[in-house]
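Report on one structure; see the data block that follows.
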There are 2 protein chains.
Amino acid sequence: MKPVKAASTARKPAIKTSKTALPAKAGKQAPGPEPKPYHHGNLRESLLEAADTVLAREGALGITLREVAKEAGVSHAAPYHHFASLDDMLAAVAERGFLRLREAMAERAQAVDTGERLLQIAEIYVSSARANPAQFRLMFGPLLARKTEFPPLKVAAESAFGLVHAAARAHDAKNGSELALVCWSFAHGLSNLLIDGAFDGLPMELPAANVLTRQLAQRVLMGVVVA
Amino acid sequence: MKPVKAASTARKPAIKTSKTALPAKAGKQAPGPEPKPYHHGNLRESLLEAADTVLAREGALGITLREVAKEAGVSHAAPYHHFASLDDMLAAVAERGFLRLREAMAERAQAVDTGERLLQIAEIYVSSARANPAQFRLMFGPLLARKTEFPPLKVAAESAFGLVHAAARAHDAKNGSELALVCWSFAHGLSNLLIDGAFDGLPMELPAANVLTRQLAQRVLMGVVVA
DNA sequence: CGCCAAATCTTTCTCTTGTAAAGATTATCA
DNA sequence: TGATAATCTTTACAAGAGAAAGATTTGGCG
């Protein structure tokens with residue numbers, strides 16, 4: 001699959017924020033079907049968007065450097081000028097996922113009641129995972145375990161958790177950290193099990209996923225009934 | 001990576017439980033360094049063990065058909081007589097993982113107190129994941145979402161959950177199912193986050209993983225403090 | 001303005017990997 | 001014993017990651 005050796009000593013991609021804007025679409029006289037400039041002008045961003053597209057279309061398995069490059073309309077070697085490797089690109093995709101997750105949580109968890117806010121966070125977490133399982137798997141895949149290799153990913157991931165932590169502290173100042181870990185673990189596990197279809201075909205009747213989430217999250221917060 | 005097309009129409013592997021036992025190690029006069037019989041005799045099992053070895057040695061990323069075949073000492077095409085594809089083999093590996101997990105949980109969760117039993121299950125779950133992260137990732141990877149394609153995997157996975165379900169029902173007959181889902185989700189999420197290193201470098205002091213597990217699991221069972 | 005260096009993109013190559021096809025070897029059973 | 005099927009090997013192929021080198025721009029800098 002991937003040659004074992006890591007980023008070699010070849011010329012480094014020199015990842016520089018391209019200053020040039022997208023070239024004006026129309027040429028001088030538009031002689032044919034868009035001559036397409038040699039320099040893309042904004043390839044890095046385009047690649048990330050293309051990666052999102054491919055990820056949603058093909059699933060986590062079908063995401064390929066070549067496929068992404070094709071989706072972005074460049075040669076399969078072009079990405080190497082913006083990313084050190086496929087993993088590096090995927091890490092950037094995951095990073096965006098964490099940023100979006102954080103944004104979504106911040107945006108929707110607005111309730112005044114601190115407990116309700118935690119419930120909303122759990123709901124968003126789970127529904128985000130369900131909305132794009134492939135991206136969720138990528139975000140929490142083996143890349144995350146190597147986040148020290150990808151500092152921006154590390155920052156984004158920890159920033160998302162920071163939001164959970166803050167909400168937990170607001171709910172319980174003394175045990176905020178523990179509460180945050182419990183909530184996060186629960187929401188994360190439920191998300192994973194749901195998108196893995198681990199519950200499918202289970203010998204018990206389950207409500208719809210979003211209902212189930214709130215129901216279980218409440219139980220975690222309020223404490224399970226100790227019969 | 002893998003040519004898109006699925007299992008083709010080629011002759012089917014005719015997976016039959018080989019009746020012949022392992023050939024006696026010593027030949028007639030042992031002329032050289034083990035002539036090695038043409039027929040392995042027990043290749044399917046050997047491949048699964050080799051896969052476990054490779055999985056533990058190389059991680060989830062480095063497990064390849066060819067590497068496993070080499071580890072088992074056969075040609076890289078031999079596995080196709082016992083597994084329809086790489087995924088099929090990995091599904092079998094995952095299946096064994098679920099069987100072992102179930103066994104481990106059944107073996108250690110012996111406490112008379114039903115709550116304590118749930119705590120022990122959580123501990124086993126998490127410690128199993130931490131003991132062999134690659135296998136855990138494989139078990140709950142994208143293959144699980146396709147478990148209908150691999151019936152034995154489906155059976156093994158559901159059997160493992162069945163044990164959790166039983167323990168939860170013992171603790172709370174009325175809400176056993178909900179409790180089982182909560183416990184499972186929590187343990188699963190915590191396992192994932194731990195092996196992903198999601199907690200590494202977090203701005204809070206955490207106890208050792210096994211201590212943390214019990215501590216948080218207690219909180220889930222007893223209910224978090226609603227300040 | 002003109003030119004050189006660096007950045008960006010392409011084509012071409014190599015190596016690894018999953019899988020197919022066909023041939024060799026051995027076991028099974030009538 | 002001899003045909004048939006199962007098991008294993010060798011060979012072949014296509015797809016993917018990444019390296020190497022060449023083509024095309026862009027951007028300074030005189």
Side-chain angles (χ1 to χ4, degrees), chain A residues 1-23 27 35-47 51 54 58 61-90, chain B residues 1-23 27 35-47 51 54 58 61-90:
Chain A
M1 181 192 298
K2 64 191 62 162
V4 184
K5 87 188 96 163
S8 79
T9 54
R11 63 166 188 266
K12 46 182 60 133
I15 296 168
K16 186 190 80 173
T17 56
S18 132
K19 216 167 298 179
T20 56
L22 284 146
K36 197 179 86 161
Y38 194 91
H39 278 34
H40 182 287
N42 196 22
L43 188 53
R44 196 191 139 94
E45 280 307 307
S46 295
L47 283 170
V54 173
E58 313 274 351
L61 323 91
I63 189 163
T64 272
L65 232 192
R66 288 165 127 91
E67 184 72 14
V68 171
K70 190 193 296 177
E71 176 77 25
V74 293
S75 90
H76 70 269
Y80 284 95
H81 291 275
H82 301 274
F83 302 100
S85 67
L86 171 62
D87 285 346
D88 191 48
M89 188 175 89
L90 295 181
Chain B
M1 181 192 298
K2 65 192 60 163
V4 185
K5 88 187 94 160
S8 81
T9 55
R11 63 169 188 260
K12 45 182 60 133
I15 295 166
K16 186 189 80 172
T17 57
S18 132
K19 216 166 296 179
T20 56
L22 283 147
K36 197 180 85 163
Y38 194 90
H39 278 34
H40 183 287
N42 197 23
L43 187 54
R44 195 191 140 95
E45 279 308 307
S46 295
L47 283 170
V54 173
E58 313 274 351
L61 322 91
I63 187 165
T64 67
L65 231 193
R66 286 165 128 95
E67 184 72 14
V68 171
K70 190 192 297 176
E71 177 75 27
V74 293
S75 90
H76 67 269
Y80 282 93
H81 290 275
H82 301 274
F83 302 99
S85 67
L86 171 63
D87 284 347
D88 192 49
M89 187 175 89
L90 295 181

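Reminder, nothing fancy here: chain letters follow the sequence lines and each chain counts from 1.
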Please report, rounded to the nearest Å, how far the [atom2] atom of [N] is from the [atom1] atom of [X].
| X | N | atom1 | atom2 | value |
| --- | --- | --- | --- | --- |
| L47(B) | dT7(D) | CG | P | 12 Å |
| L43(A) | dT24(D) | CG | C1' | 15 Å |
| L61(B) | dT16(C) | CG | P | 18 Å |
| Y80(B) | dA20(C) | OH | P | 7 Å |
| I63(B) | dT16(C) | CD1 | P | 19 Å |
| N42(A) | dT25(D) | CG | P | 19 Å |
| R44(A) | dA7(C) | CZ | C1' | 16 Å |
| H81(A) | dT24(D) | NE2 | C1' | 12 Å |

message: Considering only residues two or more places apart or on different chains, which pairs with a residue in residues 61-70 of chain B satisfy salt bridge (Lys or Arg N to Asp or Glu O under 4.0 Å)?
response: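 Listed by first then second residue: R57(B)-E67(B).
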- line: By nearest-nucleotide position on DNA chain C, the 5'-leaning member of E67(B) and P79(A) is P79(A)
task: Check whether the side chain of H76(A) and the base of dT11(C) form a donor-acceptor pair under 3.5 Å.
output: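 No pair found.
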query: Less than 3.5 Å between a donor and an acceptor, one on the side chain of R66(A) and one on the base of dA17(D), is that the case here?
result: yes
field: For E58(A), side-chain hydrogen bond (donor to acceptor under 3.5 Å, both in side chains) partners two or more places apart
entry: none
task: For dA6(D), take OP1 and OP2 only and decide whether either is under 4.0 Å from a side-chain N or O of H82(B).
output: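 It does not, given that no N or O in the side chain of H82(B) lies less than 4.0 Å from OP1 or OP2 of dA6(D).
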message: By nearest atom, which of the nucleotides dT11(C), dG18(C), dT9(D) is closest to the A77(A) side chain?
response: dT11(C)
